[in-house]
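Written below as structure tokens is the structure these notes are about.
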4 protein chains.
Amino acid sequence: MLGGCPKRRRRKEARPAEIVEAARLCFVDNGFAATRIEDVAARAGVAKGTVYLYFPTKEALFEAVARANVVPVIEQVIRAIEADETTPAFDQLRMIARVMYRDMVGTDRKRLLHMIIAEGPRFPWLTEFYHREILSKGMDLIRAVLRRGQARGEFRAEGLDEFPQILMAPTIIAAIFTHLFDAHDPIDVERYADVHIALIERALLPDRTSGGDRQPDPE
Amino acid sequence: MLGGCPKRRRRKEARPAEIVEAARLCFVDNGFAATRIEDVAARAGVAKGTVYLYFPTKEALFEAVARANVVPVIEQVIRAIEADETTPAFDQLRMIARVMYRDMVGTDRKRLLHMIIAEGPRFPWLTEFYHREILSKGMDLIRAVLRRGQARGEFRAEGLDEFPQILMAPTIIAAIFTHLFDAHDPIDVERYADVHIALIERALLPDRTSGGDRQPDPE
Amino acid sequence: MLGGCPKRRRRKEARPAEIVEAARLCFVDNGFAATRIEDVAARAGVAKGTVYLYFPTKEALFEAVARANVVPVIEQVIRAIEADETTPAFDQLRMIARVMYRDMVGTDRKRLLHMIIAEGPRFPWLTEFYHREILSKGMDLIRAVLRRGQARGEFRAEGLDEFPQILMAPTIIAAIFTHLFDAHDPIDVERYADVHIALIERALLPDRTSGGDRQPDPE
Amino acid sequence: MLGGCPKRRRRKEARPAEIVEAARLCFVDNGFAATRIEDVAARAGVAKGTVYLYFPTKEALFEAVARANVVPVIEQVIRAIEADETTPAFDQLRMIARVMYRDMVGTDRKRLLHMIIAEGPRFPWLTEFYHREILSKGMDLIRAVLRRGQARGEFRAEGLDEFPQILMAPTIIAAIFTHLFDAHDPIDVERYADVHIALIERALLPDRTSGGDRQPDPE
DNA sequence: AATGAATGAGAGTTCATTCAT
DNA sequence: GATGAATGAACTCTCATTCAT
């Protein structure tokens, strides 16, 4: 009796996370307004009232979803880059891009991104949170790499460290467009990423005598 | 019977446009789901039923808003570019970008763009419409300019004509980000546009002996 | 200029009748609640407001329809029977039945009957009016014929003059059933009428030595 | 989870029936279109939303009312007749008529009948259902009894087994007329039924030497 | 007399939230 | 803790009726 039946106990402790995950699936499928608490409950295998045991309102549930799903990805990349002092800055940039294409465009996390963009205006805390926890961190990271590249004489570019968004933009757009328009106009994300990275390379690296014969991305 | 009373009649002809404009304001403020027909009516200074006199459903009203506000912009750009045979391709590209930054990022039309992106997944006709009427036309335009530039020997870039999205992406992201994050992190769109265009220039134009001394955008 | 253009004038005077007829068609097609004034107007070829020029409410229009369509039929039969002193009472009865089968079951007047039955409970004046103008007259007529038949020694039946409904019932039911169930179970009204009349005959006429060899209805 | 709380549970099981009964009362009072779900809810002592917990639409509620109130009656009669092999066919016929007069004309079930007739044309499923579940069963029953009577030499009538409606018609008309016209012209249903049954008897039974001295209905 | 644009009360339906069990 | 029956405010859409022209 001490500690209770382990299976049931684990179940109990896992409840909130299960509900959040069920909610994530519902939200990315249907958006905030069209998601019914009852659907979330059904997906989580609990009764409607149980959701309210852990989350006082639908908005709180949404917040939990956003919080749980958005932070981990970026942190991982940051750690990888910061620990690394020897890799050329451009290769780091390429690596960041590759990770984003894989983890954001290539998974259904793009639907979460879409949801955050979509619901942002109605949830001030959401945009504030997303900007603070994700965007600014991502931009800081790119900025750091750009400056390191410039310091090492790799990059000739100026101004981009002021607007790292410009470098990330095609990736974010790829995420949004594949989510929205895949039926009408599917994108070959592999090639899209290659072209994007090649564009960055030509723009950042100093002129070479024979232009363009460098391998765009040997990976 | 034919002709009607002039005052009434002028009103009748003006009504739909008035309602569409009121609806646009409501939609960009609150999104589709959170906009009540009654709000639109109040904003247009008419009764609830009057809205239904002109638009059979809320979706039809939404479609009218999208159509009225989004199609004219792109068409105008297309006409300007197509009529022009002498301007260097890069200057055309820069012009397109400038127009987009001015009309899309610099006005509250960005909120409409946001709304279309936000509500897209739940309104297939909307994504279909937006893709057909706006995106594909915009991409075709950029593609045409790129090819013209390549044919004239201006551009060395390959691959971009396959993914014109990559060139437009920073503009669209600027629209979305200024809409979402302006309170937390305002962007100096002028400089952002300069940097974006300079990036494109360095990536597209062949190497010059003296790199970077070209005026970025004399406009 | 005196009297105005005759065509237009006739049109004007005919307006109410035209609207009533249009309303009749709508009402029998859709019932009272589901008939929209706008439909009636469209069917009459006038504007919605015009209907209200002649009929203050939807109910008033309904009343006009009922009044205009229900009285004429019965009066004609009554006159024919009352003027006739020589025909055997049973032949008169048969004649009444034949007329009812032809004019009520065989035309779309049955739909009007249906409408009166259907809407009756919500329009007390309608049932009152229908009972006074139609039903009681019809029942009085049958009663009179029955009594004449008894007086002449034709009929042996008693009690039926108290409930003439019993003799009319199969006809009314034929009208209702053909209206409601024709798709599922069409009735051969000719034969149905024959069987009905034969039933009345056997019930009313005194026994004959050889039962049933009388022609049921030479008509 | 399984079993639930007894009090709640009993309530849940009773609710649909309570709502159906409340709906029946509203429908027979006001007809389908004029009945508001809120009225039904109020009459059942629940909130508007509760009705939708058990019936997805107003039509579904209507169907439930029709089904619950109309099927049991006929089934009961059928069972009683079918189990019986010895009773003379005419007595069975009389029994059917008596039950119909008692259960259909003598109760407010006649208002339900009226409602079904009234709303039939606008609800195809309703006429289809009524014809299949009630009418055709009733007609088959009468047909079977008629044929049994003919086989036993009780009846001389021909043709009626083709149109059993003719025998039922006065009963249905009694139901409708007492519902519609009772205020203006009340019917003594007892005597009406006697006369109706006597009419059938004279029409069906072969001639007797002493006509009419048979007790009409010893019951 | 005739029009038809405008109105707004009211209906069906949905669903976040509550709470007795 | 967990349930799910119950609630009722809120929303979309309809249509009888009005009235300026």
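Letters go in sequence order (proteins before strands), and every chain restarts at 1. Computed from heavy atoms alone, side chains included, the values below leave out hydrogens, waters and symmetry copies.
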N/O donor to acceptor pairs below 3.5 angstrom from side-chain atoms of residues 38-52 of chain A, sequence neighbours left out:
from	atom 1	to	atom 2	distance (Å)
A:D39	OD1	A:R36	NH1	3.3
A:T50	OG1	A:A47	O	3.4

Results of salt bridge (charged side-chain N to carboxylate O under 4.0 Å, His left out) for B:E59 - residues two or more places apart only:
none
5'-to-3' dot-bracket of DNA chain F (Watson-Crick, G-U; under 3.5 angstrom; crossing pairs as [ ]; | other strand)
.||||||||||||||||||||
Partners passing side-chain hydrogen bond (donor to acceptor under 3.5 Å, both in side chains) against B:H131 (at least two apart in sequence or in another chain):
A:D185
Rounded to whole Å, please give me the gap between CG in A:L53 and P in E:dC19.
14 Å
Of the options F:dT3, E:dA6, F:dA6, whose atoms approach the side-chain atoms of A:T50 most closely?
F:dT3
Out of F:dT7, E:dT7, E:dG4, which has the shortest distance to the side chain of D:A47?
F:dT7
All ring-ring contact (aromatic ring centres under 6.0 Å, His included) counterparts of B:F32, not counting sequence neighbours:
B:F27, B:F62, B:F123
Polar side-chain atom of A:T35 near backbone of A:N30 as donor-acceptor pair, under 3.5 Å
no
Which whole-number value in Å describes the distance from C:F62 CZ to F:dC15 P?
18 Å
Whole angstroms only, please: what is the CZ-C1' distance between C:F55 and F:dA16?
16 Å
Those residues that, when tested against D:E63, pass side-chain hydrogen bond (donor to acceptor under 3.5 Å, both in side chains) (two or more places apart)
D:R67
How would nucleotides 9-14 of chain F be written as a contact map, 5' to 3', with B for base contact, S for sugar-phosphate-only contact and - for no contact, using protein heavy atoms under 4.0 Å?
-BSSBB
What is the distance from CG of A:L61 to P of E:dT17, rounded to the nearest Å?
10 Å
Starting at atom CG of C:D39, determine the distance to atom P of F:dC15, rounded to an integer number of angstrom.
8 Å
Residues in side-chain hydrogen bond (donor to acceptor under 3.5 Å, both in side chains) contact with A:R111, at least two apart in sequence or another chain:
A:D29
For B:N69, enumerate each residue passing the side-chain hydrogen bond (donor to acceptor under 3.5 Å, both in side chains) test, keeping only those at least two apart in sequence or located in another chain.
none
